[in-house]
Amino acid sequence: QVEVVESGGGLVQAGGSLRLSCAASASGYALAWFRQAPGMEREFVAAISWGGHTTYNTDSVKGRFTITSDNAKNSVYLQMNSLQPEDTAVYYCAAKANLAAYSNRRSYSYWGQGTQVTVSS
């Protein structure tokens, strides 16, 4: 069993920035960020391989969000810039053995409780 804990959400004005953090209780896992807005399905945002050599982002966040990792801390970060109201959602961190089917939420074995990000206009 792997525990995943997110932090760093909050309220920010449009155009602002936030940095989310996620810590896993074990090493060797690919980590990803998903988000879920009210009434919407949980959607893929970004993923990173163990070691940080491979990253993926969904098109809507390219050029604005950056995913990075710190293997020594079993942690992943999501730097979010130029935030827009449509980015408002609960952001979840998830872990899996590798990045196969990285954008499919059902392929992830471990999930955090989520952290709220609210962007005001």
Side-chain angles (χ1 to χ4, degrees):
Q1 187 74 13
V2 178
E3 292 186 5
V4 179
V5 179
E6 308 96 334
S7 61
L11 173 64
V12 65
Q13 290 187 333
S17 298
L18 280 175
R19 186 182 190 231
L20 304 183
S21 299
C22 169
S25 62
S27 61
Y29 288 83
L31 295 170
W33 291 97
F34 286 75
R35 65 186 180 185
Q36 188 167 18
M40 304 293 288
E41 290 192 352
R42 193 170 299 187
E43 65 173 0
F44 170 76
V45 177
I48 191 165
S49 61
W50 171 251
H53 301 297
T54 303
T55 62
Y56 298 100
N57 293 284
T58 193
D59 287 345
S60 63
V61 306
K62 285 181 179 177
R64 300 189 300 126
F65 293 9
T66 302
I67 187 169
T68 58
S69 63
D70 183 338
N71 289 342
K73 297 181 179 180
N74 296 335
S75 294
V76 64
Y77 309 97
L78 187 67
Q79 178 65 42
M80 305 186 294
N81 299 328
S82 301
L83 283 160
Q84 299 301 315
E86 52 266 34
D87 295 314
T88 295
V90 177
Y91 282 70
Y92 295 90
C93 184
K96 65 198 304 283
N98 55 60
L99 283 181
Y102 63 87
S103 64
N104 185 345
R105 65 182 187 275
R106 295 178 177 84
S107 71
Y108 287 81
S109 302
Y110 308 103
W111 290 86
Q113 293 300 305
T115 185
Q116 176 71 46
V117 171
T118 303
V119 185
S120 63
S121 57

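These figures come from a predicted structure and were not determined experimentally. Counting begins at 1 with the first residue of the sequence.
For the residue pair Asn57 and Phe65, the shortest heavy atom distance occurs at OD1-O, 3.9 Å. Nearest heavy atoms, Thr115 versus Ser7: OG1-C, 4.4 Å. Of all the heavy atoms in Thr88 and Val119, the pair that sits closest is OG1-N, 2.9 Å. Residues Ala46 and Leu78 come closest through the heavy atom pair CB-CD1, 4.2 Å. Closest non-hydrogen pair, Ser17 versus Gln79, comes out as CB-NE2, 3.9 Å. Nearest heavy-atom pair, Arg105 versus Arg42, reported as atom, atom and distance to 0.1 Å: NH1-O, 3.6 Å.
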Go through the steps to decide whether Gln116 and Thr118 satisfy the test side chain to side chain donor-acceptor pair (under 3.5 Å), and finish with yes or no. CA-CA 6 Å; Gln116 176 71 46; Thr118 303; 3.3 Å; yes
Residues Val76, Cys93; criterion side-chain contact (heavy atoms from CB on, under 4.5 Å); working and verdict: CA-CA 9 Å; Val76 64; Cys93 184; 3.9 Å; yes
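Looking only at side-chain heavy atoms (C-beta outward), Tyr29 and Asn98 stay at 4.5 Å or farther from each other. Using a 4.5 Å heavy-atom threshold, the side chains of Val117 and Asp87 count as separate. No side-chain heavy atom of Lys96 sits less than 4.5 Å from a side-chain heavy atom of Tyr110.
Remark: the backbone N or O of Val45 is not paired with any side-chain donor or acceptor of Thr58 at under 3.5 angstrom. In this structure, Asn104 contributes its side chain and Ala101 its backbone to no donor-acceptor pair below 3.5 Å. A side-chain donor-acceptor contact under 3.5 Å links Arg64 to the backbone of Ser82. Using modelled atom types, no side-chain atom of Glu6 and backbone atom of Leu20 make a donor-acceptor pair closer than 3.5 Å.
In the displayed structure, Glu3 atom CD is contacted under 6.0 Å by at most 12 heavy atoms of other residues, nucleotides or ligands.
Stacking of Arg19 on the aromatic ring of Tyr77 is recorded, both the 6.0 Å distance cut-off and the 45° axial limit being met.
Cluster annotation: Val2 is not connected to Tyr102 through the hydrophobic network of ILVMFWY side chains, with a link wherever side-chain heavy atoms come within less than 4.5 Å. Ile67 and Val90 are members of different hydrophobic clusters when ILVMFWY side chains are connected at heavy-atom separations under 4.5 Å. Following chains of ILVMFWY side-chain contacts shorter than 4.5 Å, one cannot reach Trp50 starting from Ile48, and the two form parts of different hydrophobic clusters. Phe44 and Met80 end up in different hydrophobic clusters when Ile, Leu, Val, Met, Phe, Trp and Tyr side chains are linked at under 4.5 Å.
Between the side chains of Ser75 and Asp70, not a single donor N or O lies within less than 3.5 Å of an accepting N or O.
Annotation: the span from Ser25 atom OG to Asn74 atom CG amounts to 8.0 Å, rounded to 0.5 Å. Rounding to the nearest 0.5 angstrom, the gap separating the OG atom in Ser27 from the NZ atom in Lys73 is 15.5 Å. Residue Gln84 holds its CD atom at 10.0 Å from OG of Ser121, rounded to the nearest 0.5 Å.
Among Tyr91, Trp111, Tyr92, the single residue meeting the ring-ring contact (aromatic ring centres under 6.0 Å, His included) criterion with Phe34 is Trp111.
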